[in-house]
Peer 1: 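My structure is below; once you've seen it, I'll send some questions.
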Amino acid sequence: MANRKRNIVLRVPVTAEERALIEKKMQQMGTRCFSVYARKMLIDGYVIKLDYCDLKAPTCELRRIAVSLPGSYGHSAYTQNRYFQCGR
């Protein structure tokens with residue numbers, strides 16, 4: 001490894017299903033070499049992270065309305081946690 005251009009090795013454990021998905025995407029890209037595919041995806045790929053914090057205030061209002069509903073309707077909506085929890 002002394003004469004290699006890239007001498008740092010990164011390892012990523014995956015499940016069998018994840019491995020099959022990676023191999024499928026490698027075929028779609030037209031490469032057989034995992035290191036080429038992984039390097040390309042890690043450097044040039046992107047991850048989309050959605051931020052739902054904008055919905056925090058309207059969600060709190062909807063929760064207050066749901067709690068104030070008569071009978072078990074409001075209690076059911078509140079206790080089943082069917083609302084967004086952002087930053088908690």
Peer 1: Is there a continuous path of hydrophobic side-chain contacts, each under 4.5 Å between heavy atoms, that joins Val12 to Val36?
Peer 2: no
Peer 1: Return each pair, listed once, that meets side chain to side chain donor-acceptor pair (under 3.5 Å) where at least one residue sits in residues 30-42; pairs must be two or more places apart or across chains.
Peer 2: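 Qualifying pairs, neighbours excluded: Lys40-Asp44.
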Peer 1: For Lys25, enumerate each residue passing the side chain to side chain donor-acceptor pair (under 3.5 Å) test, keeping only those at least two apart in sequence or located in another chain.
Peer 2: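 Scan of Lys25 (side chain to side chain donor-acceptor pair (under 3.5 Å), adjacent residues dropped) gives none.
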Peer 1: If you link I, L, V, M, F, W and Y whenever their side-chain heavy atoms are under 4.5 Å apart, who else ends up in the same group as Leu62?
Peer 2: none
Peer 1: Please report the interatomic distance CE(Met29) to CD1(Ile22), rounded to the nearest 0.5 Å.
Peer 2: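 If we round to the nearest 0.5 Å, Met29:CE and Ile22:CD1 are 13.0 Å apart.
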Peer 1: Can you list the residues that meet the salt bridge (charged side-chain N to carboxylate O under 4.0 Å, His left out) rule with Glu17, with sequence neighbours excluded?
Peer 2: none
Peer 1: Run the side chain to side chain donor-acceptor pair (under 3.5 Å) test against Glu23 and tell me which residues pass, sequence neighbours left out.
Peer 2: Arg19
Peer 1: Spell out, yes or no, whether Val14 and Met26 are grouped together once hydrophobic residues are joined by side-chain heavy atoms under 4.5 Å, including indirect joins.
Peer 2: yes
Peer 1: With Gln28, which residues qualify under side chain to side chain donor-acceptor pair (under 3.5 Å), at least two apart?
Peer 2: none
